[in-house]
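In listed order, ligands and their atoms are each counted from 1.
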Amino acid sequence: MHDQQPRRNSVDRSEFYKELDSLNLAPLWEVLKGLVPADPRPVAAPYAWHWTTVRRQLLAAGASISAEEAERRVLVLENPKLKGKSQITDTLYAGLQLILPGEVAPAHRHTQSALRFVLEGAGGYTAVDGERTTMQRGDLILTPFWTWHDHGHDGEGPVIWMDCLDVPLVGFLKTGFREEHAATAQTMSRPEGYSAARYGSGLLPVGQQFGSLTSPVFNYPYSRTREALHRLAQTQEIDPHFGICLRYVNPVNGDWVMPTLGPSMRLLPEGFSTSGYRSTDSAVFVLLEGEASIEIQDQPPITMHANDVFAMPGWSSYRIQALKGDCVLFSFSDRPVHEKLGLFREEKQ
Ligand code: 1HN
């Protein structure tokens, strides 16, 4: 047997640690449990933004700055535990964007992927890589990474939507690049409806090879989503944890519509209450129809009205109850990333 060196006591250690620090070394044993926790510890708090409040402030922003000057006239939904970071959860960005009649939000592109979920108004449009799509309430519109996109408004009244991006994820990877388009608005190279006809009608062009990371469909209209949910509600057994819940799909390969963002839409019939559920992905919910309450374990329920937004940190156990009317809830999360990396876990009560 070797003679063991006597161990240093903690006072000696603090000198030792200072010396290590000066050499840019650190003792793992002081931080190991924090690095590898027993279960996920999101920093974000569950939080609701109420539409009446946010809408009023957005209209005030409309009186204060033009879409072109702002580039994007957006109020960022900042998680109260992540102030100043432009994060609604630990991994997701969301904000509400306003565009007024005649305005243009200039064309640019970036490596971040974006979804837009339309909340109010008619006559607004987004153009993506040479094709325009008109926005109706409840539509889901994709602007895949590195596609040129600009927004405009030919109609009347305010148009408001929620921007949903993977900004924090891309920031963590330090892979953010952006580019401005030479023109304010890009030139259209295809007529409106082209992508929907070519890729979004249950058909795909014969012989075309697809890159599989993002869906080639870029507008998923609410009229179709709503019809599907209500039809299923009449005949399908309702899942105790999800109600009637459908995810938006890339028709080429059945995958999520984007590599980093997973949107879905659910219907909870009036009076229905989901059983407790949690999953590792963090999510953002928007109530589109009805009145609902969201209850996180051990916290008082929060009542949601139309267009209210809720931040759901990962691994929070929650129930949703449809209080008035059949409730339709949009959500998006970082689940595709969790799945691809083998990190997705869920727990059902
Ligand atoms: C962006 O490009 C838009 O194109 C909106 O409308 C919000 C937030 C962060 C980074 C890029 C848009 C954004 C954004």
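- Remark: minimum distance from atom 14 (C) of ligand 1 to any protein heavy atom is reached at L165 CD2, 3.9 Å.
- By the criterion of side-chain heavy atoms lying less than 4.5 angstrom apart, applied directly or through intervening Ile, Leu, Val, Met, Phe, Trp or Tyr residues, V167 is not grouped with M258; the two fall into different hydrophobic clusters.
- Here CG of D150 is found 9.0 Å from OG1 of T184. Values are rounded to the nearest 0.5 Å.
- Each of R116, R72, R73 was evaluated against D163; a single residue qualifies, R116, per the salt bridge (Lys or Arg N to Asp or Glu O under 4.0 Å) test.
- The protein heavy-atom contact nearest to atom 5 (C) of ligand 1 is D163 OD2, 3.4 Å.
- Remark: L77 CG to C164 SG distance equals 9.0 Å, nearest 0.5 Å.
- Atom 9 (C) of ligand 1 has as its closest protein heavy atom V167 CG2, 3.9 Å.
- For Y93, no nitrogen or oxygen atom sits less than 3.5 Å from a nitrogen or oxygen atom of ligand 1, counting backbone and side chain alike.
- Residue contacts with ligand 1 do not include Q112, since none of its heavy atoms lies under 4.0 Å from the ligand.
- Under 4.0 Å is where a charged nitrogen must lie from a carboxylate oxygen, and between D139 and R137 no such pair does.
- Considering backbone and side-chain N/O of H110, one or more are found under 3.5 Å from N/O of ligand 1.
- H151 NE2, 2.6 Å is the protein heavy atom nearest to atom 6 (O) of ligand 1.
- Among all non-hydrogen protein atoms, the one lying nearest atom 12 (C) of ligand 1 is R72 NE, 2.8 Å.
- Between R278 and E347, at least one side-chain N (NZ, or NE/NH1/NH2) sits under 4.0 Å from a carboxylate O, which counts as a salt bridge.
- Between R116 and ligand 1 there is a heavy-atom distance shorter than 4.0 Å.
- Side-chain contact check for H241 versus E346: every heavy-atom pair is 4.5 Å or farther apart.
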